[in-house]
Protein chains: 2
Amino acid sequence: MSDDASALSTAQRLRQEIENDIAAGHLVPGERLDEVSLATRFHVSRTPIREALQQLAMAGMVEIRPRRGAVVASLTPERLYEMFEVMAELESMCCRLAARRLGPSDAFALERAHRACEAVRHDHDAYYRANEVFHQAIYAASGNTFLAEQARLLQRRLQPYRRLQLRVRNRVQNSFSEHERILAALMAGEGEEAARIMRPHVQVQGERFSDLIASLKLLGAA
Amino acid sequence: MSDDASALSTAQRLRQEIENDIAAGHLVPGERLDEVSLATRFHVSRTPIREALQQLAMAGMVEIRPRRGAVVASLTPERLYEMFEVMAELESMCCRLAARRLGPSDAFALERAHRACEAVRHDHDAYYRANEVFHQAIYAASGNTFLAEQARLLQRRLQPYRRLQLRVRNRVQNSFSEHERILAALMAGEGEEAARIMRPHVQVQGERFSDLIASLKLLGAA
DNA sequence: GAACGTTTCCTTGTATACAAGAATGATGAG
DNA sequence: CTCATCATTCTTGTATACAAGGAAACGTTC
């Protein structure tokens, strides 16, 4: 069907590269994206760079101000809250569907990802990556590839901010035990229960949200 | 904040134009989008056209096959089902939030949109447009602008297919009475109830899905 | 010394030229 | 008559040249 993923246009490749830099925090919100700098850096002309930037603009990762260049999109606290609210709902939905449709290979992948989280629970950065994989396993288990893509997209967009979250004390420990309960519920076919645990697991509220905003301000993101 | 919506780059304008043509069914799924034709049609060179196409590709409205040009994205029945499933969930979420956060102006807009639907309930095409406005009023009432944007985006993407749906016998009548119940629930602050009605209202399942696929085949969309 | 206006420079926006990969049609063999 | 191979043509991909709008720096005036 749509599996010729090997065929990537240059613009798409460039988009991924820049996207990675943004997600990894190498390019910070508000930072200017100069077309000629990017062009020389990637050894191409401005044309494909501009095409990549247009793509990133649609993905919400950069903001293009006509005649004034592109900057890495910076989210206001309000918008960030909104996005986490939607992310929580999408992941809840994944849980509900996954519990109903869970196949053997999905179950295996989930357990594998969970054990990987457990193995690195004392290393923040490693846990961060393993956590990402665990959540993606749930997206895939939903059996709805469109939903999985959307969730993946939003996850990626929130990545720079989510990373900050885990720095909070005991967050990794809590996160892991929530995973455990989610996994158990999924295996038992209790979709509603899994969804109910997933929601606050993802959504950043109350104190946790204040903490996130505080770290944001430290970064100087406008 | 982010309110200088008047500033649109040429590429963005072109994207909207082409997007409208797709949503309106003037450009059908699978149709080839020739760069030079579009360029001459809009009196610009290929460069901004290409930028617009890259944007549309990210929005999922066109598919770009490297070296082989862009075509209007055509959805498989499976994918269509998946997208409606997500759409239903997003709109349910809007209901849940809207019931909690409903302000006087939101309530007014909702009632207004509902009355507009009632006024044109015997004209399929007019109802189709009024229906769109009603749903958008709910998105706005959610108080989550990001959610509203996402819902709007997906609504737009499904627009060509949604239009086919309403042609089914009695669909408009059923749609309208469902609106009534949703509205009543929202006004009463019964978010869960509104969400519960909204889900099947949006999601295309069972017979209705078969009908949709049948109309699709008539269109000849691969 | 500060603020305003002017000029210069730099960046973005667009068109166009050229290169290179598909699609198409023709020609030949089986 | 059908299929394969090759040549031609057409379309896309990329670089570059030029135009035009901001930004910044400079000088001038109050």
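The figures here come from the full heavy-atom set of this structure, side chains too, leaving out hydrogens, waters and symmetry mates. Naming convention: chains lettered A, B, ... in sequence-line order (proteins, then strands); numbering from 1 in each chain.
- Here C:dC10 presents its P atom at 12 Å from CG of A:D34, a figure rounded to the nearest Å.
- In this structure, the CD atom of B:Q54 is 8 Å from the P atom of D:dG13, given to the nearest Å.
- Exactly one of B:R15, B:Q55, B:Q54 qualifies for a side-chain hydrogen bond (donor to acceptor under 3.5 Å, both in side chains) with A:Q54. That residue is B:Q55.
- The phosphate of D:dG13 (OP1 or OP2) has a side-chain N or O of B:R50 nearer than 4.0 angstrom.
- Residue B:E51 contributes atom CD, which lies 16 Å from atom P of D:dT12 at whole-angstrom precision.
- Side-chain polar atoms of B:Q16 and B:R13 form no donor-acceptor pair below 3.5 angstrom.
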> Under the side chain to side chain donor-acceptor pair (under 3.5 Å) criterion, do B:Y139 and B:E91 qualify, and how do the steps go?
Replying inline: CA-CA 7 Å; B:Y139 307 161; B:E91 299 215 25; 2.7 Å; yes
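- Listed pair B:T47 / C:dT14 fails the phosphate criterion, with no side-chain N or O lying under 4.0 Å from OP1 or OP2.
- We find that CZ of B:R68 is positioned 14 Å from C1' of C:dT24, with the value rounded to whole Å.
- Looking at heavy-atom distances under 4.0 Å, A:T10 makes contact with sugar-phosphate atoms alone, never a base.
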> According to the Watson-Crick and G-U wobble definition with distances under 3.5 Å, which dot-bracket string, read 5' to 3', encodes DNA chain D, using [ ] for crossing pairs and | for pairs with another strand?
Replying inline: ||||||||||||||||||||||||||||||
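- With A:N131 as the partner, the side-chain hydrogen bond (donor to acceptor under 3.5 Å, both in side chains) test is satisfied by one option alone out of A:H179, A:Q136, A:R162: A:H179.
- Around the CZ atom of B:R65, the shell of radius 6.0 Å holds more than 12 heavy atoms that belong to other residues, nucleotides or ligands.
- Distances from the side chain of A:R32 to the nucleotides C:dT12, C:dA17, C:dA20 place C:dT12 closest.
- The separation between B:Q12 atom CD and C:dT12 atom C1' is 14 Å, rounded to whole Å.
- Listed here is the closest heavy atom pair of B:I213 and B:P77: CD1-CB, 3.4 Å.
- Computed from coordinates, the A:R65 CZ to D:dG21 P distance equals 18 Å when rounded to whole Å.
- Residue B:Q155 comes nearest to B:M87 through the heavy atom pair N-SD, 3.6 Å, listed as atom of the first residue, atom of the second, then distance.
- Put simply, CZ on B:R46 is 15 Å from P on C:dT14, counting in whole angstrom units.
- Between B:R67 atom CZ and D:dT9 atom P there is a gap of 20 Å when expressed in whole angstrom units.
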